[in-house]
Protein chains: 2
Amino acid sequence: MKVTIRDVARAADVSVATVSRALNGTDTVSADTLEHVLKIAREMDFVPHAGARSLSLRRTDTIGVLLPDLHGEYFSELIRGLDLGARGTGHHLLLSASHGDIAEAVAALRTMRSRVDGLVVMSPFADGESVSGALSGKVPLVMIGGSEGAGARFSVDNHAGALAVTRHLLEMGHRDIAFVSGPADNVDSRERLRGYRDAHREAGIAPRPVVQGDFREDSGFEAGTLLLSNGLPDAVFAANDAMAIGCLRAFRGAGLSVPGDVAIAGFDDIPMARLIEPALTTAGIAIADMGREAIELCVAMVRGEAEAPERRLFAPTLVIRASSGAKQERAAPPSRPIREEVR
Amino acid sequence: MKVTIRDVARAADVSVATVSRALNGTDTVSADTLEHVLKIAREMDFVPHAGARSLSLRRTDTIGVLLPDLHGEYFSELIRGLDLGARGTGHHLLLSASHGDIAEAVAALRTMRSRVDGLVVMSPFADGESVSGALSGKVPLVMIGGSEGAGARFSVDNHAGALAVTRHLLEMGHRDIAFVSGPADNVDSRERLRGYRDAHREAGIAPRPVVQGDFREDSGFEAGTLLLSNGLPDAVFAANDAMAIGCLRAFRGAGLSVPGDVAIAGFDDIPMARLIEPALTTAGIAIADMGREAIELCVAMVRGEAEAPERRLFAPTLVIRASSGAKQERAAPPSRPIREEVR
DNA sequence: CCGGTTTATGTAACCGGTTACAGTCGTCAT
DNA sequence: ATGACGACTGTAACCGGTTACATAAACCGG
């Protein structure tokens with residue numbers, strides 16, 4: 001049987017109130033008693049029951065995290081940042097994935113709601129309202145990505161990032177640039193597409209039809225294969241790095257040189273992006289930082305230190321590497337990547 | 001204010017017991033009442049307080065997970081598997097990282113203990129006892145990796161995997177094979193080293209001195225740089241894929257051809273391994289499966305359906321790709337990777 | 001029409017913490 | 001000497017669920 005605060009009180013020959021006060025330091029306890037109680041509690045290996053504690057304190061010291069997926073390096077980085085934030089603020093992390101299903105996401109939020117003090121939700125759906133609506137303001141909420149809905153919102157300036165990447169490809173002399181999108185209803189992907197189109201508008205060039213992907217690497221491979229048979233462009237801009245890498249694989253498999261025959265750029269700057277051959281030009285997001293700050297804001301909201309409807313926009317960094325090199329020109333790429341702040 | 005079961009009972013004009021029974025289906029409730037109560041509960045958006053529930057039920061429906069680190073694809077895959085297992089068994093996942101610090105790990109286990117029904121702990125330390133000792137059998141425990149200690153244990157047959165990889169390198173004609181290890185006190189790394197040495201013993205070849213790494217990619221890069229100046233071997237076997245990739249980067253940066261000038265092999269078969277250039281020969285572990293099964297076993301133990309001291313050994317698969325090709329021979333590698341079961 | 005069983009529901013005692021409130025005791029200024 | 005005050009500690013009422021036990025109503029064969 002587990003040892004309870006009453007067991008400790010009996011062993012230390014004091015009341016439960018004194019034990020509670022000694023352990024939490026909430027009220028005055030004489031030095032002798034304090035020491036004695038702590039010693040007994042340590043000897044008995046007493047750990048207070050979190051459920052009982054949350055019942056009377058009305059807090060759980062836990063932040064819930066709901067992610068659409070856990071596949072690939074993007075989420076690995078994000079989770080790392082989330083853990084850093086939780087650890088830093090003395091909170092636990094309750095993690096769940098919704099696998100892209102809205103109904104499942106709403107169900108997960110329901111069961112999480114009573115176990116956490118606040119939630120960080122990454123909702124890739126255009127109708128983020130249904131997700132935040134499921135909570136109806138009952139729990140402090142920080143949304144990462146997505147568009148509308150209650151709660152604070154963390155987002156990446158997808159439009160600016162895509163604009164910068166596309167402008168860069170145009171400057172490198174590429175004229176026929178293909179865009180590989182994420183899922184049709186994904187807001188981040190849509191905004192990146194808008195940036196891609198605006199850059200074309202500026203340059204007075206009509207863009208190609210969009211190739212649809214789903215953010216997973218395999219869909220990038222398929223997109224690359226499709227482009228191989230449908231007329232190769234000068235360059236490909238994929239809506240994220242995973243698809244860009246898949247696309248690269250398709251091209252190299254067909255014996256093409258990148259960037260000699262076709263240039264490639266992605267979005268996110270996942271750790272892998274600088275390791276592949278050729279290293280990938282991309283719009284970099286400080287993924288882990290974003291996760292950490294999301295938790296920190298959520299905790300601040302729980303503590304009542306922050307306003308609820310705060311917005312935070314992360315500006316991506318244009319990271320120029322070898323994969324976007326000018327067509328034909330096979331000269332050595334710059335040895336160190338050039339980091340250039342967008343705006 | 002939150003809506004409680006008493007609020008629902010009042011609104012539905014029944015007792016709290018009836019509401020509880022209706023919601024949990026634990027006891028007979030008339031069809032009319034059942035429907036009526038569920039309707040009211042739905043309208044009021046009632047979510048039972050998890051703390052109160054865990055207090056009387058003595059269970060939390062949560063499994064705690066403690067990992068040494070969250071960096072890189074290995075953990076991304078592992079977490080994905082853990083989430084799959086938790087979702088499949090209807091449990092929540094409480095995630096934490098100990099950042100390699102034993103004291104921190106023990107502290108984390110203490111605070112987790114009262115919030116979970118069971119724990120899955122990945123302890124890379126040789127003295128796993130101190131970790132499992134911190135729990136002293138009070139919570140069902142599944143350890144991943146590590147050596148001794150209480151609880152069930154999931155491990156990879158590191159020795160067999162390393163033996164297979166080293167034999168393969170020897171068969172490819174490499175004689176001078178360097179080993180890049182993980183942290184000195186890491187049990188997995190030690191076992192891999194043992195497999196590497198045993199393969200050399202079989203072949204009657206004296207191995208090189210070990211190059212020490214820490215499982216992170218950067219340490220692989222440093223190891224590669226060291227090898228470049230200390231006399232290049234025929235091949236490098238790194239104790240995990242991340243370091244193998246770092247090493248590869250160092251060699252390519254120096255203008256060497258892999259596997260033409262030096263062959264490389266790793267361990268784990270992280271998703272990135274097949275995407276890099278050249279694709280990496282490695283000992284493959286079904287990382288996500290291991291995570292999922294660890295959770296499933298832990299849940300079975302919580303339910304009393306499984307014996308505590310169960311052991312499970314995962315046999316790695318030798319995955320032969322381009323990076324281990326014979327020295328000198330620059331011929332095209334097999335187009336499809338050859339998967340060959342160890343044993 | 002009646003004792004016995006089944007079905008449906010309510011009452012209240014838990015689960016294990018926290019804390020308002022009350023009480024005791026010693027100190028000190030008046 | 002005494003009332004006020006502060007320091008310390010104990011009692012018991014919460015927090016919000018679950019469920020053993022009690023009770024009432026309905027149904028049954030004889």
Side-chain angles (χ1 to χ4, degrees), chain A residues 1-38 40-41 44-62 92 110-117 138-139, chain B residues 1-38 40-41 44-62 92 110-117 138-139:
Chain A
M1 204 51 202
K2 289 262 172 69
V3 25
T4 75
I5 197 172
R6 279 166 238 272
D7 298 330
V8 176
R10 200 168 317 128
D13 199 30
V14 294
S15 72
V16 291
T18 300
V19 176
S20 177
R21 289 190 272 248
L23 291 170
N24 297 309
T26 46
D27 213 337
T28 79
V29 175
S30 79
D32 286 353
T33 315
L34 178 67
E35 191 186 351
H36 180 230
V37 168
L38 292 182
I40 299 273
M44 299 179 78
D45 194 23
F46 170 65
V47 176
H49 188 293
R53 203 138 193 282
S54 84
L55 190 53
S56 65
L57 286 178
R58 293 139 174 289
R59 90 188 132 82
T60 59
D61 295 327
T62 302
H92 289 263
R110 270 182 66 84
T111 62
M112 272 190 158
R113 203 167 81 188
S114 68
R115 325 177 101 85
V116 302
D117 296 338
K138 295 195 177 142
V139 172
Chain B
M1 203 53 200
K2 288 262 171 70
V3 25
T4 74
I5 198 172
R6 281 164 235 273
D7 298 330
V8 177
R10 200 168 317 129
D13 200 29
V14 293
S15 72
V16 289
T18 300
V19 175
S20 178
R21 289 190 272 248
L23 291 170
N24 297 310
T26 46
D27 213 338
T28 78
V29 175
S30 80
D32 285 354
T33 314
L34 178 67
E35 191 186 352
H36 179 229
V37 168
L38 292 182
I40 300 274
M44 297 178 81
D45 194 24
F46 170 66
V47 176
H49 188 292
R53 203 137 193 283
S54 84
L55 191 52
S56 64
L57 286 179
R58 295 138 174 288
R59 90 188 132 82
T60 60
D61 295 327
T62 302
H92 289 264
R110 271 183 66 83
T111 62
M112 272 189 158
R113 203 166 84 188
S114 68
R115 324 177 100 88
V116 302
D117 295 337
K138 296 197 176 140
V139 172

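Residue numbers begin at 1 in each chain, while the letters A, B, ... track the order of the sequences. Please read these numbers as outputs of a predicted model, since none were measured by experiment.
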Out of [options], whichever nucleotide has its closest atom nearest the side chain of [X]:
X       : options                : value
A:Leu57 : C:dC15, C:dT19, D:dG16 : C:dT19
B:Ser30 : C:dC15, D:dT9, C:dT9   : C:dT9
B:Arg58 : D:dT9, C:dC15, C:dA8   : C:dC15

So does A:Asp7 pair up with A:Lys2, basic N to acidic O under 4.0 Å? no
Rounded to the nearest Å, what distance is computed from the [atom1] atom of residue [X] to the [atom2] atom of nucleotide [N]?
X        : N      : atom1 : atom2 : value
B:Arg115 : C:dG17 : CZ    : P     : 13 Å
B:Lys2   : D:dG16 : NZ    : P     : 9 Å
A:Arg113 : D:dG17 : CZ    : P     : 12 Å
B:His49  : D:dT18 : NE2   : C1'   : 15 Å
B:Arg21  : C:dT9  : CZ    : P     : 9 Å
B:Phe46  : D:dG16 : CZ    : P     : 10 Å
B:Asp32  : C:dA8  : CG    : P     : 10 Å
B:Leu55  : D:dT18 : CG    : C1'   : 10 Å

Practice prompt. Among A:Ile40, A:Ile5, A:Asn24, A:Thr33, find the residue that satisfies the side chain to side chain contact (heavy atoms under 4.5 Å, CB included) test when tested with A:Val19.
Written response: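 For A:Val19, the side chain to side chain contact (heavy atoms under 4.5 Å, CB included) check succeeds only for A:Ile5.
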| message | Check whether B:Thr62 reaches the backbone of B:Thr60 with its side chain - one donor and one acceptor, N or O, closer than 3.5 Å. | response | yes
### Query
In residues 6-18 of chain A, what residues come within less than 4.0 Å of DNA chain C, judged by heavy atoms?
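Listed by number, they are A:Arg6, A:Ala17.
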ask   = What's the spacing between B:Ser15 OG and B:Arg6 CZ if we round to 0.5 Å?
value =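 Nearest 0.5 Å value for the OG-CZ distance: 10.5 Å.
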CZ of B:Arg21 to CG of B:Leu34, rounded to nearest 0.5 Å, is 12.5 Å
Report yes if at least one side-chain N or O of [X] is closer than 4.0 Å to OP1 or OP2 of [N]; otherwise report no.
X       : N      : answer
A:Arg53 : C:dT18 : yes
B:Thr33 : C:dT9  : yes
B:Thr28 : C:dA8  : yes

Double-helix bend of the helix from C:dC1-D:dG30 to C:dT30-D:dA1, axes at both ends from 5 pairs, round to 10°, gives 40°
Across all chains, not counting sequence neighbours, the side chain to side chain donor-acceptor pair (under 3.5 Å) partners of A:Arg59 are A:Asp61
B:Val116 and A:His92, any side-chain heavy atoms less than 4.5 Å apart:
no
Of all heavy-atom pairs linking B:Ser54 and A:Gly51, the shortest is OG-CA, 3.6 Å
For B:His36 and B:Ala12 the tightest heavy-atom approach is CE1-O, 3.2 Å
When A:Ile5 and A:Asp27 are each assigned the nearest nucleotide of DNA chain C, the 5'-most assignment goes to A:Ile5
Whether over 12 other heavy atoms sit under 6.0 Å from A:Asp27 CG: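 Yes - once you tally the heavy atoms of other residues, nucleotides and ligands closer than 6.0 Å, there are more than 12.
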